[in-house]
Amino acid sequence: RRQVDTHAIQCDWHRSGKYHAAVSSRGSVDVLEPFAKELDALDEPYRWIDDVAAELGTSHFSKAIYTPGNILMNPAALTRGLGDNLPGNVTLYEDTPVTEADYRNGVSLETPGGSVYAPKMIVAVNGFASQFGFYERSLLTFAAHASLTRVLTPDERATLGSVGHWGLTP
């Protein structure tokens, strides 16, 4: 939050909490009840939502747990904003494929435009890590999806539930 405020990063940051919802009674028993026990053990606040339609405007889900401590934001906008405001001693190279890597005596990386050497490397990579010799046969690549709409009119908002900004994990 400090970085978002300091650099005026426009990433739709909202301290709105999050809903974790179940469609069926089985989902409530198998997922939501254990989740509530974990929250109790961690002494994290939450509340059960028995009438999801009244709160969120959708009758698709039968029950939900609301956790107030979550932040909603646009992760792509946050990442772009953080990248645009890196300290002066950091250079960001985007769209730069590593074409060769040598891990003897530190790490040497070759790219089409040059090379870099470092005594140590932090691997922060997606599902392609195994192509660099890391985590072979131990990564599961998945995709997460979000659904976004244009800003709703006041009349459209009035037909939905009582909550402003909200996010939900099914």
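Just so it is clear, the structure is predicted and the values come from calculations on it, not from any experiment. The first residue in the sequence is number 1, and the count goes up from there.
R1 CZ: more than 12 foreign heavy atoms inside a 6.0 Å radius. Around the CG atom of N105, the shell of radius 6.0 Å holds no more than 12 heavy atoms that belong to other residues, nucleotides or ligands.
Under a hydrophobic-cluster definition in which Ile, Leu, Val, Met, Phe, Trp and Tyr are linked whenever side-chain heavy atoms come within less than 4.5 Å, directly or via other members, V52 and I65 are assigned to different clusters. There is a path of hydrophobic side-chain contacts, each under 4.5 Å, that joins L56 to V23. Hydrophobic clustering (ILVMFWY, side-chain heavy atoms < 4.5 Å, transitive): Y103 and Y117 are in distinct clusters.
The two residues W48 and S28 have their closest heavy-atom pair at CZ3-OG, 4.0 Å. When all heavy atoms of L72 and G167 are compared, the closest pair comes out as CD1-N, 3.5 Å. The shortest non-hydrogen separation linking S25 to S62 is N-OG, 4.4 Å. For the pair K63 and L32, the tightest heavy-atom approach, listed with the atom from each and the gap, is O-CD1, 3.6 Å. Smallest separation of non-hydrogen atoms from V29 and P34: O-CD, 3.2 Å. Of all the heavy atoms in I9 and Q3, the pair that sits closest is CD1-O, 3.8 Å.
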Step-by-step side chain to side chain contact (heavy atoms under 4.5 Å, CB included) determination, D102 to E110: CA-CA 9 Å; D102 183 351; E110 297 290 329; over 6 Å; no

Trace of the side chain to side chain contact (heavy atoms under 4.5 Å, CB included) decision for W13 with N74: CA-CA 7 Å; W13 188 280; N74 180 326; over 6 Å; no

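Residues L152 and R150 meet the side-chain proximity criterion, which asks for heavy atoms closer than 4.5 Å. The side-chain heavy atoms of P97 and T111, taken from C-beta on, include no pair separated by under 4.5 Å. Looking at heavy atoms from C-beta onward, I71 lies in side-chain contact with R15 at the 4.5 angstrom threshold. Taking the side chain as every heavy atom from C-beta outward, T99 and P112 approach each other to under 4.5 Å.
Exactly one residue among N70, V31, L168 makes a side-chain contact (heavy atoms from CB on, under 4.5 Å) with H20. That residue is V31.
Using a cutoff of 4.0 Å between basic side-chain nitrogens and carboxylate oxygens, E55 and R47 are scored as salt-bridged.
Between Y19 and W166, the ring planes are perpendicular. Angles over 60° get that label, and only those under 30° would be called parallel.
Side-chain N or O atoms of T67 include none that pairs as donor or acceptor with a backbone N or O of G69 at under 3.5 Å.
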